[in-house]
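Fair warning: this is a prediction, and the values are worked out from it, not measured in the lab. Proteins come first, then strands; the chains are lettered A, B, ... in the order of their sequence lines, and each starts at number 1.
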Amino acid sequence: MSDTDSHFSALRMGQGEMGGSSDGGSDDNIDWNTEDEIEIEKYPVSCCSREAAGPSNTKLFDHFVGMGFSEKLVSRAINENGQENTDLILESLLTYAAIEDSPQEQQIGIVLSVCDNASSDYEENLLDDSSDFDSDSDSEGIYNPSSEEKKMTFLTEMGYTMNEASIAMERCGADASEAELADFICAHQMSKAEDALLPEEKPLPWLSVDDFRKSKKRKFLRYDSCKRNTIRDKKPMCEDDEPIRLPNPMVGFGLPTDSCSQLTHRNLPEPAIGPPYFYYENVALAPKGVWDTISRFLYDVEPEFVDSKYFCACARKRGYVHNLPIHNRCPLRPIPPLTISEALPMTKRWWPNWDTRTKLNCIQTCVGSAKLTERIRKALEDYDGEPPLYIQNYVLNECRKWNLVWVGRNKLAPLEPDEVEMLLGFPRNHTRGGGISRTDRYKSLGNSFQVDTVAYHLSVLKDLYPGGISLLSLFSGIGGAEVALYRLGIPLKNVVSVEISEVNRTIVRCWWDQTNQKGNLIDFADIQQFTAEKLEQLISAVGGFDLVVGGSPCNNLAGSNRYHRDGLEGKESSLFYHYFRVLDLVKSIMSKDQ
DNA sequence: CTTACGATGAAAGGATTA
DNA sequence: TAATCCTTTCATCGTAAG
């Protein structure tokens with residue numbers, strides 16, 4: 001591939017050239033351009049000026065700086081949006097950010113274009129600090145007009161119409177902040193268009209190049225009139241952009257079992273096409289708008305939603321965004337038991353016929369207590385045969401809530417850790433020993449991949465990389481991706497693993513050692529400290545990554561979270577942006593390197 | 001310090017019914 | 001179509017006991 005900058009973003013490296021110790025790719029020749037000729041689109045940077053004022057909220061400030069945005073932009077975004085709405089701040093950063101060329105600080109600028117100007121030269125816009133990039137004298141700039149114009153521009157750039165913007169400014173007064181104005185419009189739209197959200201049909205899981213371009217324009221350049229019947233999430237999503245809906249049944253691009261309904265081909269948006277391949281995972285049932293944002297960041301790739309109940313005996317509804325081929329997938333062998341009674345034969349004997357479950361619900365991080373099962377036992381032992389309906393309902397509700405299984409007469413129990421390991425496709429005792437407590441095992445397992453499901457998606461790599469792959473594994477956890485690849489028989493040449501939990505790192509390290517891996521495992525703790533320099537060093541040492549996998553924290557997305565289901569901007573779940581940051585760095589470095 | 005336990009609902013989607 | 005019901009959900013926090 002020619003020297004291509006990442007479409008979605010561009011970044012400047014501190015070091016000019018990277019060590020050229022390798023060819024930057026794998027020894028296998030992967031043809032990344034099988035579909036179409038890749039056209040390199042060059043998006044110009046919108047004009048920006050620098051804000052002098054410093055942030056007043058250092059925590060918020062650090063948060064965004066930690067994501068990789070430059071301090072200058074963060075402080076400006078906070079100044080303009082206030083500190084309340086982190087969504088707006090982030091969108092501002094992403095929409096208006098500019099390249100900062102600061103070698104010492106290794107700052108990363110993320111560029112999102114607001115213009116579709118195919119003829120303009122990207123390089124022209126990569127201006128140095130000394131240029132009018134920082135200048136306030138740029139009369140065409142959108143940041144130095146009067147505050148009213150500024151707000152108007154801001155709102156229209158956010159995807160609102162001029163009409164909406166002016167109404168909002170009228171209603172909210174001259175000194176309303178952009179955030180307030182945006183909220184006003186949002187609320188207004190919500191109230192007037194509550195009903196019309198239901199798209200006739202789920203959008204196709206692929207987009208043609210033209211569709212993609214149009215959607216880009218729609219998303220970032222909307223000055224045209226507002227369409228009726230739209231609703232916006234908190235995100236400044238384009239109004240006619242249909243929100244992503246979950247498929248029913250949740251079978252992704254098709255299951256191994258029914259080959260007739262499988263999709264074997266899709267067109268990826270150009271910027272999504274690798275290298276590297278990437279694979280991102282998170283909970284399917286996230287708050288509204290979250291998957292739209294995730295998809296938008298990950299190069300507009302349509303997520304694939306799959307429930308692992310089609311791959312094993314327990315449910316696990318997850319969304320996956322990846323740029324892998326989807327033809328010639330094959331399931332991991334042996335096929336695991338698909339029902340509770342097959343997976344846990346001992347339970348069959350005690351399973352009452354009024355408990356009609358054949359699949360377990362999602363395995364979570366907490367398990368039912370001994371006290372609970374004792375209460376249930378006492379409630380049941382008063383009855384000889386079938387308990388009355390209300391008892392049945394009580395018991396069944398608890399069973400479903402806590403994933404209890406029958407282990408004796410009137411005796412229910414939560415799954416044992418080794419049973420969870422088996423259900424999720426890990427080797428027995430994968431998480432056992434080495435000073436790891438039972439609670440930690442449940443926690444780590446509950447946060448993990450379902451190996452068979454992931455392996456099915458990754459199976460296409462086997463033919464592509466017969467010599468093995470180099471893997472960048474972010475949020476590795478207990479190594480679900482590594483285990484999946486290993487069980488697929490794909491040699492692991494180099495694995496760079498980033499995982500915050502020491503317990504999990506220990507688990508992966510032990511597994512690595514005891515499976516006699518031939519490759520190298522290098523691990524890091526904190527993705528926030530995983531800098532561009534480190535990555536560059538690794539890439540030049542390892543020769544590029546073939547695959548970047550990661551499932552970022554779901555804490556603030558998961559339905560079980562009563563306290564901080566804050567969406568993508570939540571404390572832990574916002575680490576998603578680091579997945580994007582690192583992936584985009586890899587993309588950029590590798591494209592430069594070629 | 002660790003571990004176990006109970007209390008803490010909402011949001012979203014699907015299914016059913018009116 | 002709209003209202004209603006039903007089900008599911010990679011969790012967190014404070015407390016008590018060891």
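- Taking the side chain to side chain contact (heavy atoms under 4.5 Å, CB included) definition, one finds that A:P387 meets it with A:W354, A:L380, A:Y383, A:I391, A:Q392, sequence neighbours left out.
- Considering only residues two or more places apart in sequence or on other chains, A:K309 meets the salt bridge (Lys or Arg N to Asp or Glu O under 4.0 Å) condition with none of them.
- Between C:dT7 and B:dG9, the distance separating the two C1' atoms is 14 Å to the nearest Å.
- Against DNA chain C, the stretch residues 392-403 of chain A makes heavy-atom approaches under 4.0 Å through A:R400.
- Among residues two or more places apart in sequence or in another chain, the ring-ring contact (aromatic ring centres under 6.0 Å, His included) test is passed with A:Y320 by A:Y279, A:H457.
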For DNA chain C, the dot-bracket notation using Watson-Crick and G-U wobble pairs below 3.5 Å, [ ] for pseudoknot-type crossings and | for other-strand pairs, is |||||||||.||||||||
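- Classified by interplanar angle (parallel below 30°, tilted 30° to 60°, perpendicular above 60°), the ring pair A:W291/A:F305 is perpendicular.
- Residues A:R375 and A:A286 both approach DNA chain B. Their nearest nucleotides, taken by heavy-atom distance, put A:R375 toward the 5′ side.
- At a non-hydrogen distance threshold of 4.0 Å, A:N361, A:C362, A:Q364, A:T365, A:C366 from residues 360-368 of chain A come into contact with DNA chain C.
- Think of the region where chain A sits on DNA chain B: with heavy atoms and a 4.0 Å cut, that region ends 5' and 3' at B:dT3 to B:dA15.
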Side-chain atoms of residues 495-508 of chain A: list all donor-acceptor pairs with protein atoms under 3.5 Å, sequence neighbours left out, distances to 0.1 Å.
from   : atom 1 : to     : atom 2 : distance (Å)
A:S497 : OG     : A:S476 : OG     : 2.7
A:E499 : OE1    : A:S476 : N      : 3.4
A:E499 : OE1    : A:G477 : N      : 2.6
A:E499 : OE2    : A:S501 : N      : 3.0
A:E499 : OE2    : A:N504 : ND2    : 3.3
A:S501 : OG     : A:V503 : N      : 3.3
A:S501 : OG     : A:N504 : N      : 3.0
A:N504 : OD1    : A:S444 : OG     : 2.6
A:R505 : NH1    : A:E499 : O      : 2.8
A:R505 : NH1    : A:I500 : O      : 3.2
A:T506 : OG1    : A:E502 : O      : 2.8

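- Residues in residues 470-489 of chain A take part in these ring-ring contact (aromatic ring centres under 6.0 Å, His included) pairs, two or more places apart or across chains: A:Y486-A:W511.
- Residues meeting the ring-ring contact (aromatic ring centres under 6.0 Å, His included) test with A:W350, sequence neighbours left out: none.
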Protein within reach of the bases, or only the backbone? For nucleotides 13-18 of chain C, mark each nucleotide 5' to 3' as B, S or -, using heavy atoms under 4.0 Å.
S-----
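- Under the ring-ring contact (aromatic ring centres under 6.0 Å, His included) criterion, A:Y280 pairs with A:F576, A:Y579, not counting sequence neighbours.
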Does the side-chain hydrogen bond (donor to acceptor under 3.5 Å, both in side chains) test come out yes or no for A:S308 and A:R316, once each step is laid out?
CA-CA 5 Å; A:S308 291; A:R316 207 165 185 79; 5.7 Å; no
